[in-house]
Amino acid sequence: RFIRFSNNLPFFERYYKSYVKYKDLIPDELPKANLFQYFGYFFWMKNENEISIKYFNDSLDIANASGDTKAIPRRYTNLGFLYETIGDLDKAEYFYLEGLEFGKKYNSQTILKLSYDAMGRLNLARNNIQKAIEYFKESLSFFDLHNIKNRCPLTVEYSGILGNNTSPRS
């Protein structure tokens, strides 16, 4: 449980081998997929992107195979964001669009708001301002702005150019 609530890289490095050794004792696949998300995150913070990608992909595969459409809502956007930060914008777009498709198919507002926000950020990076605005507007339509300032700060930052349509979807 500690790994979930900590950004303590030295702690992670000290206990990583134990986590790997005993991960198969986790009886349910979803907690294992969640653990792999954290492994992916920590290796990303260490700039070991190939290992991070492997764990994020493993987590994605397990989460999708589980059939639980609500579990691990960042299953696509974490991979996309990693690719975005290493400059592979096409791969980032692929995972963000997969997230949008998944969110629409299973009517997951959490996955949709994360994916729309990610596509807005990606289009902003590509200097596609109008497209970015459209995606940010979609993302904002899922949020109550008073409750998200720390969750998606870029969306909130650009909300000023998007107007005042900040009511959450019902």
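Along the sequence shown, residues carry numbers from 1.
Put simply, the side chain of Asp88 gets close to the backbone of Lys91: a donor and an acceptor are under 3.5 Å apart. The backbone N or O of Leu112 lies less than 3.5 Å from no partner atom in the side chain of Ser115, so there is not a single donor-acceptor pair. Under the 3.5 Å distance criterion, the side-chain polar atoms of Ser139 are left unmatched by any main-chain donor or acceptor of Tyr116. Between the side chain of Asn128 and the main chain of Lys131, no donor-acceptor pair closer than 3.5 Å is present. Side chain of Asn123 to backbone of Met119: a donor-acceptor contact under 3.5 angstrom is found.
Under the ring pair (Phe, Tyr, Trp, His ring centres under 6.0 Å) criterion, Tyr76 pairs with Phe102, sequence neighbours left out. Looking at residues two or more places apart in sequence or on another chain, you find a ring pair (Phe, Tyr, Trp, His ring centres under 6.0 Å) between Tyr83 and Phe95. With sequence neighbours excluded, the residues that form a side chain to side chain donor-acceptor pair (under 3.5 Å) with Glu84 are Tyr96, Arg121.
Heavy atoms only, all atoms of each residue included: Asn64 and Arg75 are closest at OD1-NH1, 2.6 Å. Ala132 and Gly120 get closest at one heavy-atom pair: CB-O, 3.3 Å. Minimum heavy-atom separation, Thr77 to Ala118: CG2-CB, 4.3 Å. Taking each heavy atom of Leu114 and Pro73 in turn, the nearest pair found is CD1-O, 3.9 Å. Between Ile111 and Thr69, the shortest heavy-atom contact is CD1-O, 3.8 Å. The nearest pair of heavy atoms linking Gly80 to Ala92 is O-CB, 3.2 Å.
Counting heavy atoms from C-beta on, the side chains of Asp58 and Leu60 never come closer than 4.5 Å.
Contact check on Arg126 versus Asp90 returns a salt bridge, with a Lys/Arg side-chain nitrogen under 4.0 Å from an Asp/Glu carboxylate oxygen. Under a 4.0 Å N-O distance rule, the pair Lys113/Glu138 does not qualify as a salt bridge. Taking 4.0 Å as the cut-off between side-chain N and carboxylate O, Lys32 and Asp28 do not count as a salt-bridged pair.
Residues Phe43 and Ile72 do not share a hydrophobic cluster, clusters being chains of Ile/Leu/Val/Met/Phe/Trp/Tyr side chains in contact below 4.5 Å. Cluster membership check: Leu82 shares its hydrophobic cluster with Leu35, using side-chain heavy-atom separations under 4.5 Å among Ile, Leu, Val, Met, Phe, Trp and Tyr. Hydrophobic clustering places Leu97 together with Phe56 (ILVMFWY residues linked when any side-chain heavy atoms are closer than 4.5 Å, directly or through intermediates). Criterion: ILVMFWY side-chain heavy atoms under 4.5 Å apart, direct or through other members. Under it, Tyr106 and Ile62 are part of a common hydrophobic cluster. Taken together through direct or relayed side-chain contacts under 4.5 Å among Ile, Leu, Val, Met, Phe, Trp and Tyr, Ile53 and Leu89 form part of one hydrophobic cluster.
Other residues, nucleotides and ligands place no more than 12 heavy atoms under 6.0 Å from the NZ atom of Lys105. Other residues, nucleotides and ligands contribute at most 12 non-hydrogen atoms within 6.0 Å of the CD atom of Glu101.
Aromatic ring pairs are classed by plane angle as parallel below 30°, tilted from 30° to 60° and perpendicular above 60°; the pair Tyr55 and Phe36 is tilted.
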Gln37 and Ser59: CA distance, side-chain angles, deciding distance, side chain to side chain donor-acceptor pair (under 3.5 Å) verdict
CA-CA 6 Å; Gln37 282 288 310; Ser59 175; 3.0 Å; yes
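Note that NZ of Lys54 is 15.0 Å distant from CG of Asn49, once rounded to the nearest 0.5 Å.
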